[in-house]
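Reviewing the structure listed below.
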Amino acid sequence: MTITIREEELILAKERAIFLPKEQLLAVSDLHLGKAAHFRKAGLQVPSTLAQGDLNRLSDLLNQYQPSTLLINGDMFHHDLNTDIDDFERWKAQYQSLRFVLVKGNHDKLDEKQYQKLGIEIHEPSYCTPNFCFIHDAVKCKEENLYPISGHIHPGVSIYGKAKQSLKFPCFYFGNDFAVMPAFSAFTGLSLVKPKANEQVYAITPTKVVKV
């Protein structure tokens with residue numbers, strides 16, 4: 001789905017990403033790479049294929065949009081170094097010409113040298129384009145002339161059917177004051193949003209993005 005914010009075109013992808021054609025920038029948020037491995041380390045039986053599935057989805061997006069920059073809007077890594085992050089390093093090797101930018105989130109606590117080794121450019125607290133301020137937590141944005149696009153809360157929305165049954169979907173939220181991206185990782189919960197007047201919510205169904 002294509003929408004216009006601040007007179008700029010944004011493409012909302014059902015794979016939980018935003019593409020900015022003008023900037024040739026693909027933005028995702030809340031990858032939480034390493035979360036599954038962190039749970040396995042604690043003795044919980046979490047499938048080892050979760051992180052690889054997320055990386056495969058990300059590859060599909062990169063192949064489709066061919067961006068010059070991949071922006072991760074916070075919480076790229078869930079915890080410390082582990083096998084999932086090793087998988088990411090091997091995956092990243094196939095994208096030598098792609099610029100990797102990380103806006104630090106509350107879970108991004110690796111040592112600076114580790115980010116450098118991985119070839120990731122760090123921005124804290126935000127990364128700005130002419131119209132937007134990408135920041136993990138919107139309330140921390142100080143750029144008054146830019147529209148904040150955040151992550152962090154893993155937004156979701158309930159859609160009700162004719163028989164009053166409901167389904168919950170991840171969503172893009174575009175509020176009067178800021179936007180919130182969906183969590184890219186499939187291994188996350190949802191925080192239901194309640195839009196106010198004139199605010200827009202776009203649910204991510206298995207087949208397409210739909211305006212609610």
Side-chain angles (χ1 to χ4, degrees), residues 12-19 25-127 134-138 149-156 170-172 180-191 204:
L12 309 183
K14 66 179 178 61
E15 292 81 9
R16 309 186 189 189
I18 299 177
F19 181 58
L25 182 148
L26 181 70
V28 298
S29 187
D30 296 274
L31 269 72
H32 288 281
L33 293 170
K35 184 176 181 179
H38 178 64
F39 275 69
R40 290 196 301 274
K41 188 177 180 180
L44 298 177
Q45 299 302 309
V46 178
S48 60
T49 56
L50 287 172
Q52 191 58 55
D54 288 339
L55 292 176
N56 289 342
R57 287 168 45 231
L58 193 51
S59 286
D60 290 342
L61 284 164
L62 295 175
N63 292 334
Q64 178 178 356
Y65 293 106
Q66 297 291 313
S68 59
T69 300
L70 173 63
L71 170 69
I72 300 95
N73 201 21
D75 286 359
M76 181 175 187
F77 299 125
H78 183 76
H79 207 259
D80 52 8
L81 292 174
N82 56 41
T83 55
D84 284 355
I85 299 175
D86 292 339
D87 290 342
F88 166 80
E89 186 172 13
R90 288 188 288 271
W91 171 86
K92 183 180 178 295
Q94 65 188 301
Y95 300 105
Q96 296 294 325
S97 62
L98 181 64
R99 180 188 179 203
F100 281 75
V101 172
L102 169 63
V103 174
K104 271 196 168 182
N106 53 297
H107 281 280
D108 294 309
K109 298 179 180 179
L110 297 186
D111 184 89
E112 293 296 325
K113 292 182 179 179
Q114 293 169 331
Y115 291 114
Q116 292 175 9
K117 179 178 179 292
L118 290 167
I120 299 170
E121 181 181 322
I122 299 299
H123 287 257
E124 190 175 11
S126 63
Y127 176 89
F134 285 92
I135 189 165
H136 190 58
D137 190 350
I149 299 179
S150 64
H152 188 46
I153 68 170
H154 309 172
C171 69
F172 298 93
V180 186
M181 300 179 63
F184 188 80
S185 172
F187 189 34
T188 56
L190 295 177
S191 177
I204 304 167

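When a residue number appears, it is its place in the shown sequence, counting from 1.
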In chain order, what residues pass the ring-ring contact (aromatic ring centres under 6.0 Å, His included) check against F100, with sequence neighbours excluded?
none
Under the ring-ring contact (aromatic ring centres under 6.0 Å, His included) rule, collect the residues that match up with F88, sequence neighbours excluded.
F77, W91
Could you list the residues that satisfy salt bridge (charged side-chain N to carboxylate O under 4.0 Å, His left out) with E124, not counting sequence neighbours?
none
Using the test salt bridge (charged side-chain N to carboxylate O under 4.0 Å, His left out), find all partners of E121 that sit at least two apart in sequence or belong to another chain.
R99
Separation of [Y] [atom2] from [X] [atom1] (nearest 0.5 Å):
X	Y	atom1	atom2	value
L71	L102	CG	CG	8.5 Å
L118	L110	CG	CG	7.5 Å
I122	Y127	CD1	OH	13.5 Å

All side chain to side chain contact (heavy atoms under 4.5 Å, CB included) counterparts of [X], not counting sequence neighbours:
X	result
K117	E89
Q96	A93
L61	A13, E15, A17, L26, L58, Y65, F184
H152	N106, H136, D137

Under 3.5 Å donor-acceptor, D54 side chain and S185 backbone
no
Check against side chain to side chain contact (heavy atoms under 4.5 Å, CB included), L55 and L33
CA-CA 9 Å; L55 292 176; L33 293 170; 4.2 Å; yes
Residue list, side-chain hydrogen bond (donor to acceptor under 3.5 Å, both in side chains) with D60, at least two apart or on another chain
none
May I ask you to test the L98-S68 pair for a side-chain heavy-atom distance under 4.5 Å?
no
